[in-house]
Asker: 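Would you mind keeping the following structure in view while I ask a few things?
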Amino acid sequence: MNEKISVLISEEKIKKRVDELAAQLSECYSGETVTMLCTLKGAVVFTADLIRKLTLDTRLEFVRISSYDGTESTGKLKMKYPLECSVKGKHIIVTEDILDTGRTLKFLHEQLKAQEPASIKLVTLLDKPDRRIVDISADYVGFTIPDKFIVGYGLDHDQKYRNLPYIGVLEQ
Ligand code: XMP
Ligand code: MG
């Protein structure tokens with residue numbers, strides 16, 4: 001099958017928006033230590049760029065929740081790589097690549113909340129509000145996008161295209 005990718009958000013636009021988000025977070029948490037909780041694998045590229053622009057004492061942790069198989073949501077959630085640190089009393093900032101049905105972030109938010117952090121905020125690079133099934137929204141959104149399958153800048157199709165420097169729509 002031939003796959004064509006058309007650019008939806010350019011490298012320059014991503015960079016500008018990441019800088020804006022980092023400035024907002026740096027102001028919001030001024031003087032605090034934050035724990036960035038990156039959701040593997042899709043949010044790795046976004047998180048790597050974001051944390052380098054934060055003017056905060058920043059820790060970095062990872063979690064992996066699997067709900068996706070190819071381009072279809074299975075609806076089943078698994079904690080494939082659980083959190084290694086304690087959350088209690090910490091300022092947790094979750095970074096996600098894309099908020100789609102909302103199941104992943106809802107699941108993670110509930111798990112984190114039960115561990116009594118000082119605060120939790122959700123930051124997503126992309127938001128597809130048309131696809132939402134569960135009631136959740138992000139505190140910070142990079143870009144609101146239409147219901148298209150997205151690749152690049154960390155997002156994959158069958159593990160391909162994560163290394164593209166732009167965000168593209170996969171046309172099949
Ligand atoms: P939910 O539905 O739980 O899904 O909000 C979030 C996760 O689903 C994956 N996802 C995508 N991955 N292109 C991708 O590469 C997409 O267009 C897309 N939509 C959802 C992604 O892993 C995200 O974390
Ligand atoms: Mg993801």
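Counting starts at 1 for both ligands and their atoms, following the listed order.
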Asker: Could you tell me which atoms of ligand 1, counted from 1 in the order shown, lie closer than 4.0 angstrom to a heavy atom of K148?
Answerer: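 Listed by number with element, the hits are 17 (O).
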Asker: Considering only distance and modelled atom types, tabulate donor-acceptor pairs under 3.5 Å from the side chains of residues 107-123, sequence neighbours left out.
Answerer:
from, atom 1, to, atom 2, distance (Å)
Q115, NE2, Q111, O, 3.3
E116, OE1, K88, NZ, 2.5
S119, OG, H91, ND1, 2.7

Asker: I need the atoms of ligand 1 closer than 4.0 Å to a non-hydrogen atom of D156, numbered in the order shown.
Answerer: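 This gives 14 (C), 15 (O) as the contact atoms.
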Asker: Within ligand 1, which atoms have a heavy atom of T104 less than 4.0 Å away?
Answerer: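 Those atoms are 1 (P), 3 (O), 4 (O), 6 (C).
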Asker: Looking at ligand 1, does any of its N/O atoms fall within less than 3.5 Å of an N/O of L99?
Answerer: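 Min N/O separation from ligand 1 is not below 3.5 Å for L99.
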Asker: Following the transitive rule for hydrophobic clusters with a side-chain heavy-atom cut-off under 4.5 Å over Ile, Leu, Val, Met, Phe, Trp and Tyr, establish whether I150 and L40 coincide in one cluster.
Answerer: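 Yes; tracing contacts between hydrophobic side chains, which count when under 4.5 Å, links both residues.
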Asker: Among all residues two or more places apart in sequence or in another chain, which pass the salt bridge (Lys or Arg N to Asp or Glu O under 4.0 Å) test with K15?
Answerer: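 So K15 forms a salt bridge (Lys or Arg N to Asp or Glu O under 4.0 Å) with D19.
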Asker: Check whether M36 and Y140 end up in the same hydrophobic cluster, where Ile, Leu, Val, Met, Phe, Trp and Tyr are linked by side-chain heavy atoms less than 4.5 Å apart.
Answerer: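 Yes, M36 connects to Y140 through the hydrophobic network.
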Asker: With heavy atoms of F149 as the reference, note each atom of ligand 1 found under 4.0 Å away.
Answerer: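 Contacts of ligand 1 toward F149, numbered from 1: 13 (N), 14 (C), 15 (O), 16 (C), 17 (O), 18 (C).
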Asker: I'd like to check which ligand 1 atoms, numbered from 1 as shown, lie under 4.0 Å from a non-hydrogen atom of D97.
Answerer: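 Near D97, meaning under 4.0 Å from one of its heavy atoms, ligand 1 has 21 (C), 22 (O), 23 (C), 24 (O).
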Asker: Are any of the heavy atoms in K41 under 4.0 Å away from ligand 1?
Answerer: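 Judged by the 4.0 Å heavy-atom criterion, K41 does not count as contacting ligand 1.
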Asker: Considering only heavy atoms of D100, which atoms of ligand 1 have at least one such atom less than 4.0 Å away?
Answerer: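 Near D100, the atoms of ligand 1 are 1 (P), 2 (O), 4 (O), 5 (O), 19 (N), 20 (C).
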Asker: Below 4.0 Å from ligand 1: does a non-hydrogen atom of V151 turn up there or not?
Answerer: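 No, V151 has no heavy atoms under 4.0 Å from ligand 1.
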Asker: State the atoms of ligand 1, each with its element, that fall below the 4.0 Å cut-off from a heavy-atom position in G102.
Answerer: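 Answer for ligand 1: 1 (P), 2 (O), 5 (O).
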Asker: For E96, take its heavy atoms, then give the atoms of ligand 1 lying under 4.0 Å from any of them.
Answerer: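 So the answer, numbered in order with elements, is 24 (O).
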